2 protein chains.
Amino acid sequence: MEAQPDLAEAVVKLFGDPLRAEIVRLLAREQMCTCHLVDDTGARQSTISHHLRVLREAGFVTAEPRGRYTYYRLRPDALSLLTVGIANLTAQAHHAQAIRRPCA
Amino acid sequence: MEAQPDLAEAVVKLFGDPLRAEIVRLLAREQMCTCHLVDDTGARQSTISHHLRVLREAGFVTAEPRGRYTYYRLRPDALSLLTVGIANLTAQAHHAQAIRRPCA
DNA sequence: TTGATTCATCAGCTTCGGTCGATGTAGCGT
DNA sequence: ACGCTACATCGACCGAAGCTGATGAATCAA
């Protein structure tokens, strides 16, 4: 049984970088636009945009243009899939405790 | 509320690399020694050892010396913590949908 | 004891990816 | 129209991290 084909890749896209993880953590509290994230993290605007692009392409955030601002929010459905995937892996790991492949 | 202080770091240690993710996936099925992992992944022995070290130091696997072999297994408790952390983040993200920080 | 096997560690190379400044575009206020 | 702000994208730089071959320790078989 496969937990999720690209579970690892998805996770890396989410947490693969400390700053990206911080962005996710902030977006988990409220929707924010890029300028908010720049203020809160202290990173440059181009850096924030870069990470938002990664998160967007990975399907973890959505961008909503609001005039000259762009609001970002997390996609709970994507996070739910991730949660299930890791939960499955955890359950599988639990069962694996009893299995040992013999050494030739 | 903080999901987990170093949730991101922990996740990166687990899935931060495709090969490492593959190792985790294999260990989720059964306990294996290094040579098994070398065979199954096709990676060099030193490379496998390197990743096992990362996983070990992160607390996700334990090593059990068995004669000249060393069996590795995942630590379900560590994975459970991770699952809870991501589940919390997911729940938090769900609530955040209704909150929007105003742009100055 | 000798040799083969398993595994960990090390130093060096190389690649990947994050960060940055610069540039361009679009929307808003005056 | 003009300027200002918010944002995306680009190219370049650089540091972190993975990969590798070599080396050494430990175990087992002959």
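Since the model is a prediction, treat every value here as computed from it, not as a measurement. Every chain is numbered from 1 and lettered A, B, ... according to where its sequence line falls, protein lines coming before strand lines.
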Inset, instruction - Could you check how far CG of B:Leu19 sits from P of C:dC16, rounded to whole Å? - result: 15 Å
Legend entry - With B:Gln31 via side-chain hydrogen bond (donor to acceptor under 3.5 Å, both in side chains) - residues at least two apart: A:Arg100, B:Arg73
Inset, instruction - Would you please name every residue forming a side-chain hydrogen bond (donor to acceptor under 3.5 Å, both in side chains) with A:Gln97, sequence neighbours left out? - result: none
Legend entry - Contact nearer the 5' end of DNA chain C, comparing A:Asp17 with A:Gly67: A:Asp17
Inset, instruction - Ignoring backbone atoms, test whether B:Arg68 places a side-chain nitrogen or oxygen under 4.0 Å from the OP1 or OP2 oxygen of C:dA4. - result: no
Legend entry - Between D:dC7 (P) and A:Leu55 (CG): distance, integer Å: 15 Å
Inset, instruction - Given side chain to side chain contact (heavy atoms under 4.5 Å, CB included), test A:Leu89 with B:Phe15 step by step and report yes or no. - result: CA-CA 12 Å; A:Leu89 185 71; B:Phe15 299 102; 3.8 Å; yes
Inset, instruction - May I ask you to evaluate whether B:Tyr72 reaches the phosphate of C:dA8, defined as a side-chain N or O under 4.0 Å from OP1 or OP2? - result: yes
Legend entry - Within residues 53-62 of chain B or reaching into it, pairs that qualify as side-chain hydrogen bond (donor to acceptor under 3.5 Å, both in side chains) - sequence neighbours excluded: B:Arg53-B:Glu57, B:Arg56-B:Tyr72
Legend entry - Straight-line distance of B:Leu7 CG to B:Asn88 CG, nearest 0.5 Å: 9.0 Å
Legend entry - Selection: residues 42-52 of chain B, any non-hydrogen atom under 4.0 Å of DNA chain C: B:Gln45, B:Ser46, B:Ser49
Inset, instruction - Describe the nucleic acid contact of B:Arg56 in one word from base, sugar-phosphate, nothing, applying a heavy-atom distance below 4.0 Å. - result: sugar-phosphate
Legend entry - Residues that A:Asp39 engages under side chain to side chain contact (heavy atoms under 4.5 Å, CB included), provided they are two or more places apart: none
Inset, instruction - Could you tell me which residues satisfy side chain to side chain contact (heavy atoms under 4.5 Å, CB included) with A:Val54, sequence neighbours excluded, listed by chain and number? - result: A:Lys13, A:Arg20, A:His50
Legend entry - For atom CZ of A:Arg20 and atom C1' of C:dT19, their distance in whole Å: 13 Å
Legend entry - For B:Thr90, all residues meeting side-chain hydrogen bond (donor to acceptor under 3.5 Å, both in side chains), sequence neighbours excluded: A:Thr83
Inset, instruction - For B:Glu9, check side-chain hydrogen bond (donor to acceptor under 3.5 Å, both in side chains) against everything at least two apart and list the hits. - result: none
Inset, instruction - Would you mind reading off the distance between B:Lys13 atom NZ and D:dA16 atom C1', rounded to a whole angstrom? - result: 13 Å
Inset, instruction - Can you tell me the distance, in whole Å, between the OH atom of A:Tyr69 and the P atom of D:dC4? - result: 16 Å
Inset, instruction - Work out how much the helix from C:dT1-D:dA30 to C:dT30-D:dA1 bends between its end axes, five pairs an end, to the nearest 10 degrees. - result: 20°
Legend entry - Under-4.0 Å side-chain N/O to phosphate OP1/OP2 contact, A:Arg53 with D:dT9: yes
